[in-house]
Amino acid sequence: MKNKEIARIFDELGDMLEFLGENPFRARAYKRASQIIYGLPEDIEKLYKSGKLSEIKGIGESIIQKVGEFIDKGKISAYEEYRSKIPEGLLELLSVPYIGPVTLRTLYKTLHITNFDELIKACEDKLIRNLPNFGPKKEENILKGLLRYKEQSFRFPIGLIYDDITKLLEDVKNIPGVIRAEIAGSFRRMKETIGDIDILASGRNTTEIIRDFTKLPTIKEIISEGETKCSVLLLTGMQADLRVVDDNSFGACLQYFTGSKNHNVKLRGIAKDMGFKINEYGIFKGDELIPCPDESIVYKTLGLPWIPPEMREDNGEIELAQKCNLPKLIEYNDIKGDVHVHSTYSDGGESIKAMAEAAIKKGYEYIVITDHSQSLKIAKGLEIERLIRQMEEIDKINRELAPFKIFKGSEVDIKHDGTLDYPDEILKQLDFVIASIHSGFKDDEKKMTKRILNAMENKYVTMIAHPTGRILNARDPYNVNIIEMCKMASKTNTFLEINAYFDRLDLNDINARIAKEYGVKFCIGTDSHNSIQLNMMIYGIGQARRAWLTKSDIINTKNLQEFTEEIKIKRKKF
DNA sequence: GCCGTTTTCGGCCCGACTGTTTTCAGTCG
Ligand SMILES: Nc1nc2c(ncn2[C@H]2C[C@H](O)[C@@H](COP(=O)(O)OP(=O)(O)OP(=O)(O)O)O2)c(=O)[nH]1
Ligand SMILES: [Mg+2]
Ligand SMILES: [Mg+2]
Ligand SMILES: [Zn+2]
């Protein structure tokens, strides 16, 4: 799929136009198109060839022509033209705090800065302060921005900072005068990675609340501080934004601060057309303020149902809300069991029984124990004899823990030659067989896709785990053809996993939404290697909600009896 | 560049904080 590649080009085209000082709305149109294409629940090439691209709002004649050019020739001439005019590496500086298109243009035109190192040097040589409309503060800020950018330009996986964020929220709630407080931003939308922490609080004396916040011991540096908001750097290097409003505005401000930006822009545009104005303080009809203590009032005033935060990406959710057609998303308490759990038999840290007891504490009815298979030696993969002994132990524990049920499973390696790591006579004895890739990540698309399709064509393979293999901030997805994988999953009744492990989240939101279009059914598994990790389930559910999945799309929302039947279906139909 | 049962031209979300601007532009949320 060329979606990502094309999206990246349009995003850069947007940057180029901003840098060149073109009409900012034109630049924004490219960025908008980039985001639409990135989040497209289909293959852009297919849409282009069937003429359906023009039906998408925000994609017009010029963009379609460029998409066509890229698909046919692998190049976009207008883009190449701009690229030859702008030094490589220059636009990267737009990601540096305090540097926007105007600043960058001045730096380039006057000091001929073209990259990170030259800009650092210019700051150190105190060349910046003398430029027109610049000064010593600006110079100092740019240097700080450069260092911050160098130190930490990546985004945090949501699971990695979940506890820190909830702790910070408690700190805010404990500030005297705070009435209500909530986490907003990408965290509330359950995005897989989080750029910064956004917290909203309500209270009367906003200035004092903000001052108290800046004195918290977890705060390293204040970036900005005013009467309604402040930005700080935490000791962890993360940025946190606090917004404080009167309690009557809490709902409107939560709506604003939850975003996404594109969702807000779309919503505000609709409000405007209807004769309203929305901002973070409320919704206005002329001069009259309609107070919004509750977020749903904002939506209700526009004749819309409340939209779950996970859907607020302007990916079509507002149109659906207008038709009162929002899906009923899977809820965080819908999960009845975990389908991807390791034990000390392979590389897990706790016994089967300990994992089962932790699952019982979470209110689950079942888990599937899925230790690694024999060829995965680094993870203590199970030889066949050990696997058989494990099955016997599971039988024994099941007698003790009934009616809770431990299913016999395995995470069977799809070997480099495309075969599975256990023979069928063994697989058929297992209740739930996971197949997954742990080697040969560099295979080309044809080979990698064939390996995975082969696995799905095995009668006994219940699910493909972490289907694209990506690791957040560490490894790109391997070259699997998502569409072919989805088609085969659907055809063979093989489930695809939404792996909830904090740095996998695989399938991700976009791919899961694509998979649903092809009729795929899912399980959410945590890939837990100890009992605390069972709690990562929420991140997987978050991605499922972001993919608009409902309870019926996800097999491990079924109760024990139904689940027992569901995992037999593929074998019966084969 | 995109869009339109109020428009095919003239709009495109709205506001806070900072710095050097003596009245507001730039960046960011
Ligand atoms: N109306 C409006 N709201 C915005 C704009 N920019 C940001 N917001 C709102 C919506 C965002 O979700 C929220 C927090 O801004 P952030 O920059 O922190 O973005 P967000 O948390 O969505 O993503 P992140 O993970 O931090 O990159 O503020 C804007 O240009 N207009
Ligand atoms: Mg944020
Ligand atoms: Mg923020
Ligand atoms: Zn695993």
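One can place NZ of A:K266 at 13 Å from C1' of B:dC12, the figure rounded to the nearest angstrom. Protein atom CD1 of A:I270 is 12 Å distant from nucleotide atom P of B:dC13, rounded to whole Å. Taking atom CG on A:N264 and atom C1' on B:dG29, their separation rounds to 10 Å, with Å as the unit. A straight line from CZ of A:R28 to C1' of B:dC14 spans 11 Å, rounded to a whole angstrom. Atom-to-atom, CE of A:M274 to C1' of B:dC13 comes out at 16 Å; the value is rounded to the nearest Å. Following rounding to the nearest Å, A:L302 (CG) and B:dC13 (C1') show an atom-to-atom distance of 13 Å. The interatomic distance linking A:L17 (CG) with B:dC2 (P) rounds to 12 Å, in whole Å. Here B:dC14 presents its P atom at 11 Å from CG of A:L267, a figure rounded to the nearest Å.
Taking the six-membered ring wherever Trp is involved, the centroid distance between the rings of A:Y281 and A:Y256 does not fall below 6.0 Å.
Only A:I56, A:K57, A:G58, A:I59, A:G60, A:E61, A:S62, A:I63, listed by number, bring a heavy atom of residues 56-69 of chain A to less than 4.0 angstrom from any atom of DNA chain B. Near-neighbour residues of DNA chain B inside residues 123-130 of chain A, defined by a heavy atom below 4.0 Å, are absent. DNA chain B lies under 4.0 Å from at least one heavy atom of each of the following residues of residues 98-115 of chain A: A:Y98, A:I99, A:G100, A:P101, A:V102, A:T103. Shown for residues 167-206 of chain A: residues whose heavy atoms fall under 4.0 angstrom of DNA chain B, namely A:D198.
Considering all non-hydrogen atoms of both residues, A:V178 and A:V172 come closest at CG2-O, 3.4 Å. In terms of heavy atoms, A:G542 sits closest to A:E310 at O-CG, 4.3 Å.
Residue A:R268 places no side-chain N or O under 4.0 Å from the OP1 or OP2 atom of B:dC13. Contact annotation: A:Y281 side-chain N/O to B:dC13 OP1/OP2 distance is not under 4.0 Å. A:K272 has a side-chain polar atom (N or O) that falls below the 4.0 Å cut-off from OP1 or OP2 of B:dC14.
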| field | Working for side chain to side chain contact (heavy atoms under 4.5 Å, CB included), residues A:K4 and A:I37 | value | CA-CA 7 Å; A:K4 267 193 187 172; A:I37 291 166; over 6 Å; no

| Verdict with reasoning, A:K121 to A:D117, per salt bridge (Lys or Arg N to Asp or Glu O under 4.0 Å) | CA-CA 6 Å; A:K121 178 129 199 323; A:D117 291 329; over 6 Å; no

| field | Step-by-step side chain to side chain contact (heavy atoms under 4.5 Å, CB included) determination, A:I554 to A:D334 | value | CA-CA 9 Å; A:I554 292 154; A:D334 276 339; over 6 Å; no

| message | salt bridge (Lys or Arg N to Asp or Glu O under 4.0 Å) for A:K2 and A:E45? Distances and angles first, verdict last. | response | CA-CA 7 Å; A:K2 297 183 170 126; A:E45 192 160 353; 3.5 Å; yes

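Counted by atom type alone, A:N315 and A:E317 present zero donor-acceptor pairs between their side chains at under 3.5 Å. Between A:T114 and A:E118, the side chains place a donor N or O and an acceptor N or O closer than 3.5 Å (distance only, hydrogens not considered). Judged purely by distance below 3.5 Å, without hydrogens or angles, the side chains of A:E61 and A:Q65 never pair a donor atom with an acceptor atom.
If you check B:dT8 for Watson-Crick or wobble pairing at under 3.5 angstrom, you find it has no partner at all.
Rounded to whole Å, the P atom of B:dC28 lies 16 Å from the corresponding atom of B:dT20. A gap of 24 Å separates the C1' atoms of B:dC13 and B:dT8, to the nearest Å. Between the C1' atoms of B:dT23 and B:dT18, the separation comes to 15 Å (whole Å). B:dT7 and B:dG1 are spaced 25 Å apart, taking the P atom of each and rounding to whole Å. To the nearest whole angstrom, the two C1' atoms, one in B:dG15 and one in B:dT22, are 23 Å apart. Across the P atoms, B:dT21 and B:dC17 are found 22 Å apart, a figure rounded to whole Å.
For the atom pair A:R83 CZ and A:K75 NZ, the distance stands at 8.5 Å (nearest 0.5 Å).
Here A:D241 lies in heavy-atom contact (under 4.0 Å) with sugar-phosphate atoms only. Nucleic acid contact for A:K277: sugar-phosphate only, since backbone atoms but no base atoms lie under 4.0 Å from a heavy atom of the residue. Residue A:I278 is classed as a sugar-phosphate contact, given heavy-atom separations below 4.0 Å to backbone atoms only. Residue contacts for A:F25: at a heavy-atom cut-off of 4.0 Å it reaches a base atom on one of the strands shown. Within the 4.0 angstrom heavy-atom criterion, no nucleotide atom of any strand lies near A:P24. The residue A:R243 sits close only to the backbone: its heavy atoms come under 4.0 Å of sugar-phosphate atoms, none of a base. Contacts of A:V96 with the nucleic acid, taken as non-hydrogen atoms under 4.0 Å apart, involve only primed sugar atoms and P, OP1 or OP2.
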Give me, pair by pair, the N or O atoms of the protein and of nucleotides 5-10 of chain B that are less than 3.5 Å apart, along with how far apart they are.
none

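The 12-atom threshold is exceeded at CZ of A:R8, counting heavy atoms of other residues, nucleotides or ligands nearer than 6.0 Å.
Applying the side-chain hydrogen bond (donor to acceptor under 3.5 Å, both in side chains) criterion to A:E42, with sequence neighbours excluded, gives no partner residue. When the side chain to side chain contact (heavy atoms under 4.5 Å, CB included) test is applied to A:F284, the partners found at least two apart in sequence or on another chain are A:K277, A:N279, A:L289. Residues satisfying the side chain to side chain contact (heavy atoms under 4.5 Å, CB included) test with A:T206, not counting sequence neighbours, are A:V244. Checked against ring pair (Phe, Tyr, Trp, His ring centres under 6.0 Å), A:F276 has no partners two or more places apart in sequence or in another chain. In terms of the side-chain hydrogen bond (donor to acceptor under 3.5 Å, both in side chains) criterion, A:Y539 has no residue partners (sequence neighbours excluded).
No hydrogens or angles were tested; on distance alone, nothing pairs the side chain of A:Y256 with the base of B:dG15 as donor and acceptor under 3.5 Å.
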| Nucleotide-resolved protein contact map, nucleotides 17-24 of chain B, B/S/- at heavy-atom distance under 4.0 Å | SSSS----

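The ring pair (Phe, Tyr, Trp, His ring centres under 6.0 Å) analysis of residues 194-242 of chain A, with sequence neighbours excluded, yields no pairs.
Put simply, the residue from A:I514, A:I56, A:I510 that forms a side chain to side chain contact (heavy atoms under 4.5 Å, CB included) with A:L40 is A:I56. Only one option out of A:R180, A:R312, A:K300 pairs with A:E295 in a salt bridge (charged side-chain N to carboxylate O under 4.0 Å, His left out); it is A:R312.
In this structure, A:R504 contributes its side chain and A:T526 its backbone to no donor-acceptor pair below 3.5 Å.
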